[in-house]
Amino acid sequence: MGTGAERARRTASTPGTASAARTASAAVRRLTAALAVLIAAAVLAVAVPGSAQAATAGSSCTGRKVRTLSFSTGSVLLYRDGGVVCAVTVQKWPGVNRLVSVSVQARGLVAVHKSRKDTRSSPVAKTYAGHRRVRVTAAVGSGSYRSGWFLC
């Protein structure tokens, strides 16, 4: 059997003991890093949809906002991204389920018309306008708006 000192010497001289300890600590570090990445991804997945719901109704259009055309029961928000024009109608007093519609037409092309019954806004109407003039029509309930041709 031997003394305690001999036993300690035999245990320390056993091949692979030190490398096994290093491998185990490296595995723990990798698991900790993977867990941190997983938690960060979960936090972002929960936080992003909440901020998207808090955004305005026109946020489904990409690009910069070029105009807001107001009328008695709502307003039309116009966005432009390159040559694409995007329009969405928003109710002035949201909460009541009304027919909300929007139509956008580039000069020389067919109008894109979108409508639905909703408590807030119309679906998005997009068309490629390039450098053409655009005409917009919109309606919320009994109120409506019709623009002339304009360059945006």
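All values reported here derive from a predicted model rather than from experimental measurement.
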Of all pairs that satisfy disulfide bond (SG atoms under 2.5 Å apart), the ones with a partner from residues 122-152, not counting sequence neighbours: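 As it turns out, there is no disulfide bond (SG atoms under 2.5 Å apart) pair with a partner in residues 122-152 once direct neighbours are skipped.
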If you look only at pairs with a residue in residues 63-111, which of them pass as a disulfide bond (SG atoms under 2.5 Å apart), with sequence neighbours excluded? C61-C86
Side-chain donor-acceptor contact under 3.5 Å, T119 with N97: no
Please give me the minimum heavy-atom distance between V88 and S122, naming the atom from each residue.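 Smallest heavy-atom distance, with atoms named: CG2-O, 3.3 Å.
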Mind listing the closest non-hydrogen atom pair of A125 and V102 along with its distance? CB-CG1, 3.9 Å
Apply the hydrophobic cluster definition, ILVMFWY joined by side-chain contacts under 4.5 Å directly or through others, and give me every member besides W149.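 In the cluster with W149 there is nothing else; it is isolated.
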Other members of the hydrophobic cluster containing Y128, with the 4.5 Å side-chain heavy-atom rule, please. V84
Any side-chain to backbone donor/acceptor pair from [X] onto [Y]? Under 3.5 Å, distance only.
X    : Y    : answer
T89  : S101 : yes
T127 : V112 : no
R80  : G82  : yes

Applied to residues 130-139, the side chain to side chain donor-acceptor pair (under 3.5 Å) test, sequence neighbours excluded, yields Q105-R135
Could you tabulate the donor-acceptor pairs under 3.5 Å formed by side-chain atoms of residues 63-72, not counting sequence neighbours?
none

Show me the pairs that pass salt bridge (Lys or Arg N to Asp or Glu O under 4.0 Å) and involve residues 97-116, at least two apart or across chains.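 Sorted pair list: R116-D118.
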Does V134 share a hydrophobic cluster with V124, counting links as ILVMFWY side-chain heavy atoms below 4.5 Å and allowing steps through other members? no
